[in-house]
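To find a chain, count down the sequence lines: A is the first, B the second, and so on, and within it residues start at 1. Since we're looking at a predicted model, the values are computed, not measured.
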Amino acid sequence: MSQQVLPFYLVCDESYSMDGAPIDAINKSLPEIHQEIGGNPVVADKTRFCLISFSSTAQVLLPLSDLSEVTSMPAMAASGSTSYTAAFTLLRDTIERDVAALKAAGHQVLRPAVFFLTDGQPTDDDWVSAYQRLTDPSWKPRPNILAFGFGGVNVDTIQQVATVRGFLADGSLGPAQALQEFAQSLIQSVINSGTSADAGGGMSLAMPDKVPGFTTVPADPV
Amino acid sequence: MSLLDGSDLRLGDLEVGDSLGRGGQGAVHELRGPWADYVYKEYLVPTVNGDALARLVRVPGGMPSHERDLLLAQAAWPLARVVDGGRVTGFLMPRVPAPFWGRRAKGPALRELQYLLYDPKPLWGDITPLDGPGRLEIARRAASLFLLLHSHRLVVGDVSMRNLLWSPSPPAVYLLDCDAIRRVGERPVLPQPQTPDWTDPQQPSTGPDLDTDRYKLALLVTRVLCKSPDLRPGEEPVFVPGLPERVKAEVAARFAEAARPRGLRPDAAQWVRALDERGTIELPPLPPVRTPPDLPKAPLGGGPIRRPTIRLRPPDRR
């Protein structure tokens, strides 16, 4: 039997408004994500992790990897505006390539999961077409998207971006603490996905229901 | 203060401390005050079967003392239910003993079985996988623990690379998530979860049973001895170096038998024997049964006896 793998994409806003505590909080949580996932043999074996950051442009900071093999990753650095178009376009192309490569290596690839984190409204108005390309129902590897918003983002945007579930910071925690909770929910989701079976005995995406400091919002129905 | 009398604790009487971890069904918290040697597992789902939990709590008290000691040394057994009003919120269990903890760069980590199934990585910290003889010790203890549980008709259910811990010296095992255990014929506390790569292809629709456990024990023993995360019966086991030839041959044979239909899989006692130091004595086949020659037989009396009848005269009439 070919081995199942579940790719995770952390897509992170590093626009200028993230400068200071938010960026520091994410940079501090990256070693923890690495430890918890990479140090768990079964989870590292069954999941892959990719880090994408975006502001005016988007870049892959860590190509899709087995975290147990990774020894360093580039840090986030705040600058520029908030282009969702750049993020979604790069994400679609990256997933396309990654899924093909995993399949070529003999894996059975499960639908990728995207943790999308943003602190502000997009500065480009025409991001919808890039988003539709990413979530096109006729494109087989279209990802499940969990959207996390804090700071200046509004609930409609989070609901539009999320395909399965959204989370909006409720202001009860500061940005650093809220991002710490975000990182914990990402770690738990990856670990639970890699270690609990669905009814058919296979792996499936385990999503957080509630994240401390965030309000859960349903994805926008179409 | 004994926890083995089976009585409930009230949530309000506990001093609940920091959270130690969180799973799909519950969160584990430290306790302060008189119960600091124990931890509190809080259920995060509403559908807890409180009666089933009460039955599990009573299991050690119903065992002979030597078996109870063995069980409690090797399992994070639920020792008392925690209730809040009429609602069961969780239970107390012992802390995981120190030998079953390792240290990774970011802090302590449980020595889960999974570290015996892969090649070591720098991220594992001081958790160093065991050599062949060390693995054999762990497999023996796991099989013995299953034998103990099965002899009390207790089904583990979710046997996996995460809920059995091991310690390198002295070699020992420790079973977690014991609230998922149920007695044959009784309902579990919660629906018994499953783990990918640790599923029984023949599991009945009613959930795991002793036969499912036997299959998963075959996976556990053989995967530990082969350092493989996903080996299945039907595949050829390739053992780590340093194991006795006899053990390898017996384990390979039992592992192949685990692919048989339900009811025909090797049980825990067979696994204990396969792994045992004392070995087994191969007995030659018995000689064919000799049938005695068919000779004419002397008669042993012929049929029912014909007894003469004594006729009695009627009594004289006067």
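Contact check for B:Arg162 versus A:Val42: no side-chain heavy atoms found under the 4.5 Å cut-off.
Across all non-hydrogen atoms, the minimal contact from A:Gly39 to B:Tyr115 is O-OH, 2.9 Å. Pairing each heavy atom of B:Pro196 with each of A:Gly194, the nearest pair is CG-O, 4.1 Å. Closest of all the heavy-atom pairs between A:Glu36 and B:Arg104 is OE1-NH2, 3.8 Å.
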List the atom pairs, with distances to 0.1 Å, where a side-chain N or O of residues 63-71 of chain A and a protein N or O form a donor-acceptor pair under 3.5 Å, not counting sequence neighbours.
residue: A:Ser65; atom: OG; partner: A:Pro63; partner atom: O; Å: 2.4
residue: A:Asp66; atom: OD1; partner: A:Ser68; partner atom: N; Å: 2.9
residue: A:Asp66; atom: OD1; partner: A:Ser68; partner atom: OG; Å: 2.7
residue: A:Asp66; atom: OD2; partner: A:Ser68; partner atom: OG; Å: 3.4
residue: A:Ser68; atom: OG; partner: B:Lys121; partner atom: NZ; Å: 2.6

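Separating the OG1 atom in A:Thr195 from the CG atom in B:Asp158 is a distance of 9.5 Å, to the nearest 0.5 Å. With rounding to the nearest 0.5 Å, the separation of CG in B:Asp197 from CE in A:Met203 is 8.5 Å.
The part of A:Gln188 that comes within reach of chain B is its side chain, from C-beta onward, which places non-hydrogen atoms under 4.5 angstrom from that chain.
The local environment of CZ in B:Arg260 is crowded, with over 12 non-hydrogen atoms from other residues, nucleotides or ligands closer than 6.0 Å.
In this structure B:Tyr40 satisfies the ring-ring contact (aromatic ring centres under 6.0 Å, His included) test together with B:His29, sequence neighbours excluded.
Judged purely by distance below 3.5 Å, without hydrogens or angles, the side chains of A:Asn40 and B:Gln114 pair a donor atom with an acceptor atom.
No other option in B:Leu123, B:Thr195, B:Asp230, B:Asp200 has as many heavy-atom pairs under 4.5 Å with chain A as B:Leu123.
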